[in-house]
Amino acid sequence: MTHAMLKGSNVPLKATTVRAVLRWTPGQGVPDVDASALLLGLDGRVRSDEDFVFYNQPRHPSGKVWRLGKKRVAEGLTDTIQTDLSGVESGVGQILLVASADGVTFDRVRSLTIVLYDAAADGEPLATFDIRPETGEETALICGELYRRGEGWKFRALGEGYSNGLKGLATDFGISVDESEEASAAAPEPAPQTPSLSQPLPPEQPTSAVPQQQQPAYGYPASLPTYGYGYPDGSFRLPPQGPQFVGR
């Protein structure tokens, strides 16, 4: 049975591996959306910058939380976070499931929904939550959270927003953002060949102008740098090509 969630409601989870699918409807003027996750310690903050799973760090070092990436489905576009709840470290009490837009407010995102599945079994969803931003000016949203309750886990529907984007949300939970890198990212850049807005894609990407290996995916250049799970200088940096953040 699928639980249709209301904001603030929760449901116990019997599944040991949960797939959280963020889904929205693309179209003219609709921004691209990214799914990410923050693993919080018992104090409600990340233990280190490695507890941030996002488009440029798609897998947690523990191997228990990872980003599956984007797909086109009949209902629209999706981006997915999967979690092996049975193997999450005991020091983690919550896992926030986050949506962020590329510097565009969520009032332009249509039919934003988070859907939870038991990743180890076929069948109907465990829960669905239709997300309604409170103001429409949010550029990042905590869609829901997976949290410990006794020996098990539960899911709570949240829909809490930030108007200063993924940067503001991440720093609130203890992620350190290098200010010099942020300033560099704000410098003018050549216009990308593909807009960051979610546009209906043709069945096949053209190959005449750009070699196949350089084709952008969902608005992000293929030359996006890949960071490891450790940071040589000890500081975390959001990549320049990631979402552009606005002040709260």
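Side chains are part of it too, since the values below use all heavy atoms of this structure and drop only hydrogens, waters and symmetry mates.
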J.: To the nearest 0.5 Å, what is the distance between CH2 on W24 and CZ on F106?
T.: 9.0 Å
J.: Rounded to the nearest 0.5 Å, what separates atom CD in E89 from atom NE2 in H60?
T.: 5.5 Å
J.: Just do the side chain to side chain contact (heavy atoms under 4.5 Å, CB included) check on L166 and S36 with the steps written out, would you?
T.: CA-CA 9 Å; L166 194 58; S36 55; 3.8 Å; yes
J.: Kindly compute the distance separating CG (L13) from NE2 (H3), expressed to the nearest 0.5 Å.
T.: 9.0 Å
J.: Locate the shortest heavy-atom distance separating F129 from L158; write the atom from each residue and the value.
T.: CE2-N, 3.7 Å
J.: Is there a donor-acceptor contact under 3.5 Å from the side chain of S62 to the main chain of K64?
T.: yes
J.: Roughly how far, to the nearest 0.5 Å, is the CG atom of N164 from the OG1 atom of T171?
T.: 6.5 Å
J.: Taking F173 as the fixed residue, which of L39, I142, D51 is the one that meets the side chain to side chain contact (heavy atoms under 4.5 Å, CB included) rule?
T.: I142
J.: Of all the heavy-atom pairs spanning R19 and A119, show the shortest one and how long it is.
T.: NH2-CB, 3.8 Å
J.: Which value, rounded to the nearest 0.5 Å, describes the distance between E160 atom CD and L96 atom CG?
T.: 9.0 Å
J.: Look at K70 together with D32 and state whether they make a salt bridge at an N to O cut-off of under 4.0 Å.
T.: yes
J.: Tell me every residue that passes side-chain hydrogen bond (donor to acceptor under 3.5 Å, both in side chains) with T113, counting only those two or more places apart in sequence or in another chain.
T.: D130
J.: Same cluster for V109 and V115 if Ile/Leu/Val/Met/Phe/Trp/Tyr side chains link at under 4.5 Å?
T.: no
J.: Starting from the C-alpha separation in whole Å, work towards a yes-or-no answer on side chain to side chain contact (heavy atoms under 4.5 Å, CB included) for L141 and L112.
T.: CA-CA 11 Å; L141 289 165; L112 183 65; 3.8 Å; yes
J.: Is there side-chain contact between W153 and T83, with at least one heavy-atom pair below 4.5 Å?
T.: no
J.: CG of L68 to CD of Q82: how many Å apart, nearest 0.5 Å?
T.: 5.0 Å
J.: Cation-pi check, R67 to F54: give yes when NZ or CZ is under 6.0 Å from the six-membered ring centre and within 45° of the ring axis, no otherwise.
T.: no
J.: Can you list everything that forms a salt bridge (charged side-chain N to carboxylate O under 4.0 Å, His left out) with E134? Sequence neighbours excluded, please.
T.: K7
J.: Given side chains that start at C-beta, do those of T80 and L22 come closer than 4.5 Å, heavy atoms only?
T.: no
J.: Donor-acceptor pair, S9 side chain versus M5 backbone, under 3.5 Å?
T.: no
J.: What do the steps show when you test Y117 against V21 for side chain to side chain contact (heavy atoms under 4.5 Å, CB included), and what is the final call?
T.: CA-CA 8 Å; Y117 292 91; V21 179; 3.9 Å; yes
J.: So, applying side chain to side chain contact (heavy atoms under 4.5 Å, CB included) with L116, which one of V11, L146, T128 is it?
T.: L146
J.: For the pair T2 and L126, evaluate side chain to side chain contact (heavy atoms under 4.5 Å, CB included) and give the outcome as yes or no after the intermediate values.
T.: CA-CA 5 Å; T2 300; L126 303 174; over 6 Å; no
J.: Heavy atoms, side chains only, cut-off 4.5 Å: are E138 and T135 in contact?
T.: yes
J.: Determine whether R23 and L77 make a side-chain contact, defined as any pair of heavy atoms from C-beta on separated by less than 4.5 Å.
T.: no
J.: If we count only N and O atoms by modelled type, under 3.5 Å, do the side chains of S176 and D49 hold a donor and an acceptor together?
T.: yes
J.: Do V46 and W66 sit in the same hydrophobic cluster, where Ile, Leu, Val, Met, Phe, Trp and Tyr count as joined when their side-chain heavy atoms come under 4.5 Å apart?
T.: no
J.: Keeping the roles fixed (side chain from R108, backbone from G29), state whether a donor-acceptor pair exists under 3.5 Å.
T.: yes
J.: For D79 and Y55, test the side chains for any donor-to-acceptor distance below 3.5 angstrom and give the result as yes or no.
T.: no
J.: Considering non-hydrogen atoms only, spot the tightest contact between L42 and S90 and give its length.
T.: CD2-O, 4.4 Å
